[in-house]
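Just below is one structure, and these are the notes that go with it.
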Amino acid sequence: MPSHDNSEIATATKNGVPDRTDRPNDDRYDPQRVEAKWFSRWQSDPQLYAAEPNSTKKKYYVLEMLPYPSGVLHMGHVRNYSIGDALARYMWMNGYNVLHPMGWDSFGLPAENAAIQNNTPPRQWTLGNIAKMKVQMNRIGFAYDWSREVTTCLPDYYRWNQWFFLKFYEKGLAYRKKSRVNWCPKCCTVLANEQVVKGRCWRHEDTLVEQRDLEQWFLRITKYADELLRDLDKLAGWPEKVRTMQRNWIGRSEGTLVDFKLDYAEKHSGFGPAGSTITVFTTRIDTIFGATSVQLAPEHPIVADLAAANPELRAKVDQLIAEQRKAKEVGDIGEIEKHGVPTGRYAINPFNGEKVPVWVANYILIDYGTGAIMSVPAHDDRDYEFAKKYKVEIRLVILPISNDPEETMAEPSLPYIGNEGMLINSGAYSGLECSAAIKKMSAFAEQNGFGKATITYRLKDWGISRQRYWGTPIPMLYCEKDGIVPVPEKDLPVILPENIEIALAFGSPLSGLPEFVNATCPECGGPARRETDTMDTFVDSSWYFYRYTDAHNYHAPFDSKTAQYWFPIDQYIGGIEHAILHLIYSRFWSKFMRDIGLITNDEPIERLFTQGMVIKDGAKMSKSLGNIVSPDEMVARYGADAARLYSLFAAPPDRDLDWQDAGIEGIQRFLGRVYRFVLRNAKPDDSDLRRAVSTDLPPGARAIRRKLHQTIKRVSDDFQGRWHFNTCISAIMELMNALYVYEEAAASAHVGRALPSTSSGQALPATANSATAPVGPSQPEPADVALLAEVQRDLVLLLAPFAPYLAHELWEMLGEKGNLLKASWPQYDAALAKEEELEIPVQINGKLRSKIVVPADASEEYILERALADEKVQAAIAGKQIVKKIFVPGKLVNIVVR
RNA sequence: GCGAGAGUGGCGGAAUUGGCAGACGCACCAGACUUAGGAUCUGGCGGGUAAAACCGUGGGGGUUCGAGUCCCCCCUUUCGCACCA
């Protein structure tokens, strides 16, 4: 083995387990030695994991969500990347042209906070963190194509954010509007939601956060609302959970807008600036004859008008607003106690001319629908609860229709919210069925000018302005003469200046830099002011995976042809916390890119996998709980292979993982067993031997071969979709256990010792509990050297996606010369995997009474005959009458007796 | 309140289609090897019993020859949420 400099890595063991390498002829598996050796080999070959640019192979794009460079890798990362890395290696071994890149989501608030706390410039802090994390990732051995690395905070990337922004603007999809933000009067700056703690500024505990309206840039994602919703149906490779969440997030709702005029006959004076009409949104216009009040959100403009002349109402309304805000803060807006205040005014139901009271209620939200509803207590839960509390009239207008004629037309228990019913007490519409009534009544409202059918979405346009420093500058100029002017494409990128003292900045940091703010208008050449807001970092992550396909393109965000080859992403892997925002923005961005002709795919991601959290002692790992497990420490103590193998073994990847330090030791033991087995059994001329495996093996060897092929099947099948890598690794462990027993038995045979055997004199089982057919020789038989060569080779291949360091080492020990990643994934042979004998449980009345061993191809007649002849079965059915015999091929026999 | 998950030995988990509950690993116990063992190898290991019977997948019902798995009700717990009209 070549010598190498491994000082940096190998020394790490010293603070872990005591060093025992002083023992002579040590056969101990030393992960530090093995991993240091391969680490330096891999590091010296930057092309090792490079995707092939012009390949005729089938492509496979596997991607893990890019991390924020906090400076330290945590176990959640290790788990996420171990899943993707295993898949990438598996696909390489299956002959695919694999794209497996990595990058850095490197703009964002923490860099500015670090700047404030440690006085480190954000750029320096960020790039330093990236360097640290890259070392950690490489040490664990993740197979990334670093030549395509994307760092979003560098101008060669963010210039294309700016370019995209200009395209959005060009197409009328970027616009400005006033929007409410959190404002700290002490910092004179905008706060992110996470910077607001219990209504106060995180840096000034004594300062209440205010709400301010600022002009901000928005992207018109709502234009794509319908398509984003519709195309969810195409995403068959996504978890249903995520699709449901996105569906609810988009929140399409078909309904009707209906105008209720404020009543003139009232004595109160004229109307305020909000006018005299309350437009409500309802999905159930068929219930409008049951409307007994109109409810307004406390922040509705008409409420402001009404309250202007009524200080008492104003105070009550303010109280409702406060309740809403508080509920929102503590996150239980759904459990708010319903409160309302009558305004004293009335509105007219346009369908029957009836006057109904107008209320203000805390359960009506200003930013959904029109911020006003018609209240139909008989047919809506919330309205019912409200009406009961405030003694508002409840009027039944729908009767349920049921298949049961008795039930039909019976008065339902209230509220009846079903929409399979018939209208009553509804004038000309009485007798109509609900859905027909909705159509008819919507049309009527529209014809008479007091309403129209409409679709509302819960989805809102994407506000991308951030009043912060560490982000992509929005490429816009404000000229006194020409107004809002986009920066010309040729002037991109607008470089984020670096000579800035964040800690001293007051208000929006960039606005304090005259050399940044002062610009020239490209239209008139006169003075212009530069936009000082930067972009939301979700912009960066919305399209970065396209940049990977062509990371160094200077003339475009990427080459369309190249992207078309790689897209869609075959498998995307990340945390469930990104189920909504990142994944919906990414889909939106792709659709926009398609519409401006950059790409042809409608959706960016074919399959999505969401992995579970890593928890410790029943709680999410966090600094405050002190239950952090550091990957560096694990790697130093047990090696990278053990750390990644354990992160896959401890739980199915889509479930939360309960980290147990003791568990990883078992993994290390297993790796040691594999290592020592190969150390003992590898023969220099293995490659010749493999071809010489006899077709006529003795029973013990046949059983090992069978176990091997069963294992290949189990591991391969899981890669095809189920991804329960924990059971894959179990399967490989089982194979290893069987090999140890086989080896031991063969050694006994060789020296003529008695075989270890079970008391029954039956074949030696692989393990005492082995539920499957016995593995191991029933007669002493020497180890089949050729078979062992074959098994070892396949074993190493099976292990390669999960424990690459050890796999490479063993590969070399077996005398293999070629790159393990280019070696073919082993294929299982169904005939070899098939059991020769089956153990069939025999049940009497569903209770296990005996087990019989039969040839795998035994007929039903034979098996039933054998089952009935069985001693224990005979005893159990003696004197009873056999009612039924259940036979499930390959599974069991159940005899029903009376 | 709504939506989506989860609940199986001392612990992490397995059981892929309704068919032997507890694979694999940890911990623990025993034996072997050893000057030594926190190394290694072998075996044991749900409760219960001398052995059986029997009991056992959060609780209660049900369907079925047969239920961890399907149905109904309930409890606990995790995650998400925006009372969505």
Side-chain angles (χ1 to χ4, degrees), chain A residues 17-18 20 23 26-28 239-242 244-245 248-249 251 253 255 280-284 287 295 327-328 331-336 338 361-365 367-370 372-376 380-383 385-386 456-458 576-577 579-580 612-613 615 618 620 646 649-652 654-667 669-670 672-673 676 714 717-718 721-722 724 726-734 737 740-741 744 756 767-772 839-848 851 883-886 888 890-897:
Chain A
V17 188
R20 271 183 240 278
R23 290 190 57 200
D26 189 19
D27 65 351
R28 198 177 65 101
E240 192 51 51
K241 181 166 58 167
V242 174
T244 304
M245 284 165 87
N248 294 339
W249 185 261
S253 178
V280 306
F281 174 70
T282 178
T283 56
R284 291 297 301 275
T287 64
Q295 304 283 347
K328 208 161 192 169
D332 61 356
I333 188 104
E335 285 164 54
I336 194 168
K338 289 183 180 52
N362 65 356
Y363 70 101
I364 308 300
L365 305 174
D367 49 12
Y368 184 79
T370 57
I373 64 155
M374 62 179 202
S375 176
V376 186
D380 183 281
D381 289 330
R382 295 147 302 178
D383 296 345
E385 191 186 331
F386 188 88
T456 60
Y457 295 93
R458 188 196 155 279
I576 186 72
E577 66 271 24
I580 307 282
M613 282 190 308
I615 58 178
K620 190 174 178 174
Y646 179 68
F649 175 71
D654 54 341
R655 291 254 295 264
D656 286 351
L657 183 159
D658 191 351
W659 186 275
Q660 296 187 344
D661 286 342
I664 194 172
E665 290 177 21
I667 289 293
R669 243 183 324 250
F670 162 66
R673 276 163 74 80
R676 286 188 302 274
R714 281 179 68 180
D717 284 356
D718 254 301
R722 203 175 70 132
H724 280 195
N726 54 330
T727 62
C728 291
I729 294 163
S730 297
I732 300 173
M733 287 174 170
E734 283 182 48
N737 290 343
Y740 263 64
V741 173
E744 168 109 345
T767 65
N769 291 340
S770 179
T772 50
E839 193 184 49
I840 302 289
V842 183
Q843 297 181 336
I844 311 291
N845 288 350
K847 297 216 173 207
L848 182 69
K851 292 177 182 182
V883 181
K884 204 171 177 184
K885 291 180 244 179
I886 313 275
V888 185
K891 291 282 187 197
L892 58 43
V893 169
N894 186 16
I895 295 161
V896 186
V897 297

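Residue numbers start from 1 in every chain, and the chains themselves are labelled A, B, ... in the order their sequence lines are given, proteins ahead of strands. These numbers come from a predicted model, not from an experiment.
Atom P of B:A67 sits at a distance of 23 Å from the matching atom of B:A52, rounded to the whole Å. With both ends at atom C1', the span from B:A85 to B:U77 equals 32 Å, rounded to whole Å. Between B:C72 and B:A6, the two P atoms lie 15 Å apart (nearest whole Å). Taking atom P on both nucleotides, B:A4 is separated from B:A39 by 48 Å, rounded to a whole Å. Here, B:U57 and B:G25 have their P atoms 26 Å apart, quoted to the whole Å. B:U63 and B:A14 have their C1' atoms separated by 27 Å, given to the nearest Å. Taking the P atom of each, B:G19 and B:A27 are spaced 33 Å apart, rounded to whole Å. Look at the P atom in both B:G60 and B:G68: the space between them is 13 Å, to the nearest Å.
Atoms CZ and CD1, from A:Phe649 and A:Ile729 in turn, are 7.0 Å apart once rounded to the nearest 0.5 Å.
Rounded to whole Å, atom C1' of B:A32 lies 10 Å from atom CD of A:Glu744. Taking atom CG of residue A:Asn726 and atom P of nucleotide B:U16, one finds them 13 Å apart after rounding to whole Å. Summarising the geometry, the separation between CZ on A:Arg669 and P on B:G25 is reported as 10 Å, rounded to the nearest angstrom. Distance A:Arg714 CZ to B:U16 P: 11 Å, rounded to the nearest Å. One atom, CE of A:Met613, and another, C1' of B:G80, lie 12 Å apart when rounded to the nearest Å. In this structure, the CZ atom of A:Arg284 is 11 Å from the C1' atom of B:A85, given to the nearest Å. In this structure, A:Asn248 places its CG atom 14 Å from C1' of B:C79, rounding to the nearest Å. For A:Arg655 and B:U77, the CZ to P distance is 18 Å, given to the nearest whole Å.
As the counterpart of B:C11, B:G25 is assigned, both hydrogen-bonding distances of the Watson-Crick or G-U wobble pattern falling under 3.5 Å. Base pairing of B:U77: its partner is B:G5, meeting the Watson-Crick or G-U wobble criterion (both donor-acceptor distances under 3.5 Å). Both distances falling under 3.5 Å, in either a Watson-Crick or a G-U wobble arrangement, occur for no nucleotide opposite B:A85. As the counterpart of B:G38, no nucleotide is assigned, since no Watson-Crick or G-U wobble pattern has both distances under 3.5 Å. Partner assigned to B:U17 is none, using Watson-Crick or G-U wobble distances below 3.5 angstrom. Using the Watson-Crick or G-U wobble rule with both distances under 3.5 Å, B:U64 pairs with nothing in any strand shown.
Here B:C84 is the nucleotide among B:C84, B:G12, B:A27 with the atom lying nearest to any side-chain atom of A:Leu365. Nearest nucleotide to the side chain of A:Phe281, out of B:C26, B:A85, B:C24: B:A85. In the set B:C65, B:C54, B:A85, B:A85 carries the atom at the smallest distance from any side-chain atom of A:Ser253. Nearest nucleotide to the A:Thr244 side chain, out of B:C24, B:G3, B:A14: B:G3. Closest to the side chain of A:Lys241, from the set B:C65, B:G13, B:A4, is B:A4. With B:G12, B:C20, B:C41 as the candidates, the nucleotide lying closest to the side chain of A:Ala650 is B:G12.
Using a 4.0 Å heavy-atom distance criterion, A:Asp380 is classed as making no nucleic acid contact. As judged by a 4.0 angstrom heavy-atom cut-off over every strand, A:Gln843 is placed among the base-contacting residues. Counting any heavy atom pair closer than 4.0 Å across all strands shown, A:Tyr740 reaches sugar-phosphate atoms only and no base atom.
Of all heavy-atom pairs between A:Cys728 and A:Arg714, the closest is SG-O, 4.3 Å.
Glycosidic conformation of B:G59: anti, with the torsion beyond 90° of 0.
Ring geometry, A:Tyr363 versus A:Phe386: the interplanar angle falls from 30° to 60°, so the pair is classed tilted.
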Point to revise | Test side chain to side chain contact (heavy atoms under 4.5 Å, CB included) applied to A:Ile664 and A:Trp659, step by step | key: CA-CA 9 Å; A:Ile664 194 172; A:Trp659 186 275; 4.2 Å; yes
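Considering A:Val280, A:Asp383, A:Asp380 in turn, A:Val280 is the only one that fulfils the side-chain contact (heavy atoms from CB on, under 4.5 Å) rule with A:Met374.
In this model, a side-chain donor or acceptor of A:Lys851 finds a partner on the base of B:C20 within 3.5 Å.
Formation of a donor-acceptor pair under 3.5 Å by the A:Asp656 side chain with backbone atoms of A:Met613 is found in this model.
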